[in-house]
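Presented below is the structure to which this report refers.
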Amino acid sequence: MTRILVIVPFALDEAGIRNREAQSGYVPLPAGWQLTYRPVTCGPTSFMSPHDWGLMDMAIFEAGCTAEKDGFDAVCIDTMSDSGMQALRSVLRIPVIGAGKASMLYALTLGGKFSVLAQWEPALPRYRKAIREYGFERQCASVRSFDQPPDFANLLDGKEDKVFPRMRDVAMRCIEEDGAEVICLGSTTMHQAGEYLAANLPVPVVNPGPLTYKLVETFLALGLSHGRDAYAPPVEPRLDMLRAMMKAGAAAEAGRG
Amino acid sequence: MKKVMVVVPFPMGEGDLARRQAQMKAVDLGPGIELHYRPVRVGPKNYSSQHDMSLADFSIVDAGLDAEAEGFDALCIDTMSDSGMAMLRSILKIPVIAPGRHSMLIAQMLGEKFSILMMWDRWRMLYTKTLGELGMEHKCASLRSIGVTPDNKSLLSGKEDEVFPLLLDAARRCVEEDGAQVLILGSTTMHEAHGWLSERIGVPVINPGPLTYKLAAIALDLNLTHSKATYPAPLAPKHDMIRAIGAAGAAWLEANQ
């Protein structure tokens with residue numbers, strides 16, 4: 001049995017988690033694999049300001065920080081922001097894959113330049129920051145939004161007829177005007193559009209969530225994980241403190257709600 | 001059953017080919033995939049100058065040209081020079097996976113900066129070419145050579161005592177002096193040193209050949225292949241001409257060796 005922890009970056013209810021779990025249906029997974037989708041204890045409600053980014057880093061860090069002790073073989077982070085990835089890598093020896101950096105690098109195995117399809121305008125600064133920090137500015141043709149406010153629980157459900165063609169049109173502009181040779185879906189929450197876009201665009205479309213499962217499979221098969229030189233363990237771990245903090249955050253949210 | 005062709009970049013008999021095939025043991029590919037190793041019929045004596053690289057490109061295209069028509073589902077190229085990859089990608093729709101480009105991109109999923117260990121300085125041009133194409137020179141901490149003439153048929157066998165410690169010494173310099181967080185073996189012919197070196201160096205070491213097998217497998221599962229925007233199909237394919245050139249080269253080798 002190989003157990004994979006998939007951290008869902010919002011404190012979603014069961015229905016919301018099921019919409020995320022549907023991603024595992026797009027790719028065949030090895031026999032004996034079990035994917036466990038775990039929402040964060042508490043965290044931001046939107047994802048468009050540094051306030052949100054900082055909270056999400058901590059939320060995902062807390063949700064995954066005992067994954068190795070809990071018996072998981074690898075961790076996937078279900079967001080293109082790679083929130084919490086660096087911190088988790090510093091406390092875990094098992095592979096930790098965020099969808100963002102990995103999908104951009106994977107896109108470059110398929111073509112020379114990629115564009116990122118973003119949900120709406122307020123999401124753009126976060127992508128630009130990540131691309132600059134990863135040093136992929138030369139390889140990124142563009143980041144364009146299809147101007148649809150995100151729904152982190154229901155995703156694109158019920159909006160297919162309206163939104164999918166608009167996504168295709170924006171992606172075509174990435175290809176024709178910006179020179180994109182591969183399209184990266186800008187969020188794991190867009191997974192429902194992956195097959196439609198792959199069938200209606202002339203370039204490959206990277207669906208980031210399912211990709212992380214297959215990359216984990218690759219790393220486990222090859223015995224590879226992140227280097228401890230790049231992600232040094234803490235001198236004095238305070239994971240118990242982190243756990244208590246996020247529990248208090250969740251209680252505060254419940255009291256408010 | 002999915003069939004993957006592995007193009008071996010030098011003409012060779014079964015005994016030498018077995019040392020290439022041994023790379024399979026380093027990775028668990030799961031059921032449902034089989035590798036078929038095919039040596040080229042023509043090519044340079046070794047990869048030591050641009051003269052050789054031009055012949056290498058051709059030889060690998062000649063070997064893989066009909067892969068799709070022959071029923072193969074993917075193709076891997078067994079050389080870090082990625083010789084023939086761009087040409088084959090323009091001709092074939094099935095995934096064509098070459099270890100140079102792919103190992104440099106995967107390395108960045110495991111750490112920020114990587115170094116490449118090579119047998120001799122003659123190989124430097126192989127990596128600078130790919131780094132330039134990717135626009136990722138700034139991700140490469142160093143290229144270090146151990147100054148040992150490679151043997152593309154017997155690989156490292158019989159030379160373990162001489163070569164392995166030299167590799168470890170060079171690897172330590174990459175990590176301690178150059179800041180590498182991930183190492184890449186500079187040739188698929190160095191695979192016999194992978195296990196020994198990984199146990200001793202403390203940073204992830206990428207074994208490029210087995211990595212390509214796994215990436216071929218996941219590309220098939222993800223239903224992804226290279227972008228035709230990056231690798232456009234030829235307007236006038238010269239299939240028969242390529243075959244005639246390859247046959248003439250093979251005949252020349254036969255007569256002159």
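Below, chain A is the first sequence line, B the second, and so on; all start at residue 1.
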Looking only at heavy atoms, what is the nearest atom pair of [X] and [Y], with distance?
X: B:A107; Y: B:I184; result: CB-CD1, 4.0 Å
X: B:I94; Y: B:A67; result: CD1-CB, 4.1 Å
X: A:A67; Y: A:V75; result: CB-CG2, 3.6 Å

Would a 4.5 Å heavy-atom cut-off, applied to side chains only, mark B:L126 and B:M118 as touching?
no
For a 4.5 angstrom cut-off between non-hydrogen side-chain atoms, does A:L29 reach A:I4?
no
With rounding to the nearest 0.5 angstrom, report the CE to CG distance, B:M87 to B:L65.
9.0 Å
CZ/A:F219 to CD1/B:I106 distance, rounded to the nearest 0.5 angstrom?
5.0 Å
Go through it in stages, so that I can follow the logic: the residues are B:L105 and B:L215, the test is side chain to side chain contact (heavy atoms under 4.5 Å, CB included), and I'd like the CA-CA distance, side-chain angles, deciding distance and then a yes or no.
CA-CA 12 Å; B:L105 293 168; B:L215 290 176; over 6 Å; no
Counting heavy-atom pairs under 4.5 Å to chain B, which of [options] comes out on top?
options: A:I175, A:L224, A:V203, A:I97; value: A:L224
options: A:A107, A:A230, A:A31; value: A:A230
options: A:G179, A:G111, A:G112, A:A198; value: A:G111

Set of side chain to side chain donor-acceptor pair (under 3.5 Å) partners for A:R166, sequence neighbours left out:
A:Q148
Checking [X] against chain B: side chain, backbone, both or neither under 4.5 Å from a heavy atom?
X: A:L211; answer: both
X: A:P30; answer: neither
X: A:V205; answer: backbone

Examine whether an atom of B:V182 lies under 4.5 Å from a heavy atom of chain A, and if so say whether it belongs to the side chain, the backbone or both; otherwise answer neither.
neither
By a 4.5 Å heavy-atom criterion (distance strictly below it), what part of B:V175 contacts chain A: side chain, backbone, both, or neither?
side chain
What would the table of donor-acceptor pairs between chain A and chain B look like if you include every N and O pair under 3.5 Å, whether backbone or side chain?
residue: A:R89; atom: NH1; partner: B:M109; partner atom: O; Å: 2.9
residue: A:R89; atom: NH2; partner: B:M109; partner atom: O; Å: 2.7
residue: A:K101; atom: NZ; partner: B:Q108; partner atom: O; Å: 2.7
residue: A:L108; atom: O; partner: B:R101; partner atom: NE; Å: 2.8
residue: A:L108; atom: O; partner: B:R101; partner atom: NH2; Å: 2.7
residue: A:T109; atom: O; partner: B:R89; partner atom: NH1; Å: 2.8
residue: A:T109; atom: O; partner: B:R89; partner atom: NH2; Å: 2.9
residue: A:L110; atom: O; partner: B:S227; partner atom: N; Å: 2.7
residue: A:G111; atom: O; partner: B:R101; partner atom: NH2; Å: 3.2
residue: A:G112; atom: N; partner: B:T230; partner atom: OG1; Å: 3.3
residue: A:Y134; atom: O; partner: B:K139; partner atom: NZ; Å: 2.4
residue: A:G135; atom: O; partner: B:H138; partner atom: NE2; Å: 3.3
residue: A:Q139; atom: NE2; partner: B:L134; partner atom: O; Å: 2.6
residue: A:Q139; atom: NE2; partner: B:G135; partner atom: O; Å: 3.0
residue: A:E181; atom: O; partner: B:S227; partner atom: OG; Å: 2.4
residue: A:E181; atom: OE1; partner: B:T230; partner atom: OG1; Å: 2.8
residue: A:K214; atom: NZ; partner: B:D221; partner atom: OD2; Å: 2.7
residue: A:E217; atom: OE2; partner: B:K214; partner atom: NZ; Å: 2.9
residue: A:G227; atom: N; partner: B:L110; partner atom: O; Å: 3.0

Please step through side chain to side chain contact (heavy atoms under 4.5 Å, CB included) for the pair B:V7 and B:C76, ending with a clear verdict.
CA-CA 6 Å; B:V7 179; B:C76 295; over 6 Å; no
Most contacts with chain A, counted as non-hydrogen pairs under 4.5 angstrom, among B:A217, B:A180, B:G135, B:G111
B:G135
